[in-house]
Amino acid sequence: MKKIFFSSLLLFSMLHAELLTLQESIDTTLKNYPDVQSLSLKIKQSSLSHRSAVADYLPQVNLNAQYNATQTYVFPANGTFHTQDGSGWNAGVNLKQKVWDFQKTSSKIDAAKVDEEISKLSLLDLKALLSYKVKSLYKLMVVQSEAVAVREKDLESKKAYYAQAEALVKQGLKTTADASRFLSSVYSAEDNLAIAHSSYEKARNSLSLYMNRKIDDNVTLESQLLEENLAESQDVEKEVLASNYTLQIDSKSIEKNILLHKSAKAEHFGSIDILASYTHSDTLNIYDSKLAGVVLNIPLYSGGRVSAEAQKVEISSQISKEEKRSRELAVKEELSNLLLDIQRYNKTIAAKKAQLQSAQDTKNVLDGRYKEGLATYIEVLDATTLVLNAKLGLLEAYYSRALSIDRITYLKGKI
């Protein structure tokens, strides 16, 4: 009756345990993580910078007014100058329209647009990176939960061995050394189980902080994700180089610096502007004044400032090109190493599976031999350790392969 009750209770708790999927973890993190919000605001900031640059090509209209409570006016009369104090005021409106500045402003506008695109790419890169980090934490939780289960079974097994050894000691078939050795192994298994529990809680706590949400103690995870392998592709490197967000940002930085260099060089040639104004004055006399014309401004000498600025931007463009080349080499190296690691992990997984099967068979044989007095407790513990290490080694290999696959996914710019 008790067994039925506890089985029903276990089934009830499993049915009501929270199922946390990997995709839900990623979506929640991307929604709540502070850096995502910060970069979203930077995109808006870049958009405003672009609008500000565009405004330089639009008409600039200013309204001005001035009132003087007292002012000395000078006027000629009969060949001499006379003065008179009085009040006066004037008001007017000025208009300035840029006609042509040899693409100085248009290049700045294009550079601001590219800067906005860089901000968007930075946000996408951050999301891909956060997705990779969440995947690593989620799968670490899976591994540690599996490790806890393995450690629990190991502890149960060693407690059973200890109970069996005590029974055999009472029957005079074993010595107290057998029981003491099994008791020691129980203590060791309890310690290792506590370590596994602690590692799981650390992973759960880290993922909870990323998600900004509490994760249920009895959460259910997608354990099958560990066994996913990398899809075969002949053009992985080509795909990574084409879609990697960091490399795209480098390309956009080069484009931006080229445009800024073009704008800086155009400053040598000045600009052509249309000016217009209308002013009404009420002083000693009341009159209106109007102005409409074209102004040409050509800088003849600026102390070398314009040339220096142009050279600085040109050097920045060259630096961006070299940084992109360096980044491409680093990405290629990382991708190559990841692919080699995945091949190695595939072989390790196959070997660990075979080792686990062999160790399990050996353990089953030794369990029977120990009961018959044909094997020692040392042989039994060694066989149990082999099974345990094979299980944990298989989990570690699965996790390491999963991290490499997820890293490649990040390099491809995918979430």
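In this structure, Lys412 and Val236 have side chains that are in contact, with non-hydrogen atoms separated by less than 4.5 Å. Under the 4.5 Å side-chain criterion, counting only non-hydrogen atoms from C-beta, Tyr399 is in contact with Leu403. For the pair Val294/Leu275, no side-chain contact is recorded, criterion being any heavy-atom separation below 4.5 Å from C-beta on.
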### Task
Apply side chain to side chain donor-acceptor pair (under 3.5 Å) to the pair Gln23 and Asp27, showing each step before the final yes or no.
CA-CA 6 Å; Gln23 190 59 50; Asp27 292 341; 2.9 Å; yes
### Message
Apply side chain to side chain donor-acceptor pair (under 3.5 Å) to residues Arg401 and Asn346 and explain how you reach the verdict.
### Response
CA-CA 8 Å; Arg401 185 181 69 178; Asn346 286 336; 2.8 Å; yes
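The aromatic rings of Trp89 and His280 are tilted relative to each other, their planes meeting at an angle between 30° and 60°.
Residues that satisfy the ring pair (Phe, Tyr, Trp, His ring centres under 6.0 Å) test with Tyr410, not counting sequence neighbours, are absent from this structure.
The pair Arg204-Glu201 meets the salt-bridge criterion, since a charged nitrogen lies less than 4.0 angstrom from a carboxylate oxygen. A salt bridge does not link Asp110 with Lys113: every distance from a Lys NZ or Arg NE/NH1/NH2 to an Asp or Glu carboxylate oxygen is 4.0 Å or more. Comment: Lys153 does not engage Glu156 in a salt bridge, judged by the lack of any side-chain N to carboxylate O separation of less than 4.0 angstrom.
For the residue pair Ser271 / Lys104, no side-chain donor-acceptor distance below 3.5 Å is found, with atom types taken as modelled. In summary, the side chains of Asp288 and Tyr278 do present a donor paired with an acceptor at a separation below 3.5 Å, with no hydrogens or angles considered.
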Do any side-chain atoms of residues 62-69 form donor-acceptor pairs under 3.5 angstrom with protein atoms, and if so which ones, sequence neighbours left out?
{"from": "Gln66", "atom 1": "NE2", "to": "Asn68", "atom 2": "OD1", "distance (Å)": "3.2"}
{"from": "Asn68", "atom 1": "ND2", "to": "Gln71", "atom 2": "OE1", "distance (Å)": "2.7"}

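Interatomic distance, NZ of Lys96 versus CD1 of Ile274, reported as 12.0 Å (0.5 Å rounding).
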